[in-house]
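Pasting in a structure now, in structure tokens, and then I'll have a few things to ask.
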Amino acid sequence: MRAIRSSRTAKIVVDVLMTIFLVLSFIRWEDSNFAFHAVVGSVCTLLFVLHICIHHKWIKAVTKSFLAGNLSPSLRWKYTIDILLLIVWGVAIVTGFLAIGYFSAGIEGMATFSRLHGVTSRIGLGLIVVHIFQHFPQIKSYLGIKSKQQGAKAR
């Protein structure tokens, strides 16, 4: 895991794959694609867990600063969105598995789990859009795109 944490390329690959699988999980070609959705959602869940593991040091450090009140307002906002993402996607993942009869044998209300899964997934998607916009400067940096301010400083 240490090699993955230190590799910028590995972080980008995990994020790109997670995004692709997340988008695939929202596609509905026909009603019979439940198995496809379950497999794609499971892969996305594994990538989400890997993403959290890769960023564990950052999460731990920022949580300490957040609790101590030492974060700037912009970092406090980013952290709040990240925590909401963690909670919402955690609920989406759990309810997704509970909506599958195999995992929820004996539990009543699989349709309720399915509806809750749908709602939390859509809320999570909205939060991911906010999260991506928050990290747009880092994304541009990863892609080697310089902002107008950086270009002016280089001249």
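Here the structure is a predicted model, which is why all the values come from computation and not from measurement.
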Do W89 and T45 pass the side chain to side chain contact (heavy atoms under 4.5 Å, CB included) test, and can you show the C-alpha distance, the side-chain angles, and the key distance before you say yes or no? CA-CA 9 Å; W89 280 110; T45 297; over 6 Å; no
In the single-linkage hydrophobic clustering (I, L, V, M, F, W, Y; side-chain heavy atoms under 4.5 Å), do L46 and I12 co-cluster?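 In one cluster with L46: I12, no.
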Are V91 and L98 co-members of a hydrophobic cluster defined by side-chain heavy atoms under 4.5 Å apart?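 In one cluster with L98: V91, no.
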Shared ILVMFWY cluster between L127 and I83, side chains joined below 4.5 angstrom?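 Yes.
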Are I132 and V88 connected in a single hydrophobic cluster, I mean Ile/Leu/Val/Met/Phe/Trp/Tyr linked by side-chain heavy atoms less than 4.5 Å apart?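 They do share one cluster, since a chain of ILVMFWY contacts under 4.5 Å joins V88 to I132.
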What distance do T112 atom OG1 and H117 atom NE2 have between them, rounded to the nearest 0.5 Å?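 If we round to the nearest 0.5 Å, T112:OG1 and H117:NE2 are 14.0 Å apart.
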Under 3.5 Å donor-acceptor, S65 side chain and V62 backbone: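 The answer is no, because no donor-acceptor pair under 3.5 Å joins these two groups.
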Do other residues, nucleotides or ligands put more than 12 heavy atoms under 6.0 Å from the CZ atom of F26?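 Yes.
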Distance from L22 atom CG to I27 atom CD1, nearest 0.5 Å?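 That separation rounds to 10.5 Å.
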Grab the two heavy atoms, one from C44 and one from M18, that are nearest each other, plus how far apart they are.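 Answer, listing the atom of C44 first, then M18: SG-O, 3.8 Å.
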Looking at every non-hydrogen atom in both residues, tell me the closest pair between F36 and L24 and how far apart they are.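 Minimum heavy-atom contact is CE2-O, 3.9 Å.
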Between T80 and F66, is a side chain to side chain contact (heavy atoms under 4.5 Å, CB included) present by the stated rule, with each step listed? CA-CA 9 Å; T80 301; F66 182 84; 4.2 Å; yes
Under a 4.5 Å cut-off applied to non-hydrogen side-chain atoms, are D82 and W58 in contact?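 Yes; the side chains approach each other to less than 4.5 Å.
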If two hydrophobic side chains count as joined below 4.5 Å and joins carry through other members, does F133 share a cluster with I81?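 Each belongs to a different hydrophobic cluster.
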Report the distance from atom NE2 of H131 to atom CG of L125, rounding to the nearest 0.5 Å.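 So the gap between those two atoms works out to 13.0 Å.
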Hey, is the main chain of L47 close enough, under 3.5 Å, to the side chain of H51 for a donor-acceptor pair?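 Checking the backbone N and O of L47 against the side chain of H51, no donor-acceptor pair under 3.5 Å is found.
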To the nearest 0.5 Å, tell me how far I93 CD1 sits from S121 OG.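 One gets 9.0 Å once the value is rounded to the nearest 0.5 Å.
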Would you say CZ of R76 has more than 12 non-hydrogen atoms from neighbouring residues, nucleotides or ligands within 6.0 angstrom?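 Yes.
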Any chance you could measure F97, atom CZ, to T95, atom OG1, to the nearest 0.5 Å?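 That separation rounds to 10.5 Å.
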Working to the nearest 0.5 angstrom, can you tell me the gap between I123 CD1 and L85 CG?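 Answer for the CD1-CG pair, I123 versus L85, is 11.5 Å.
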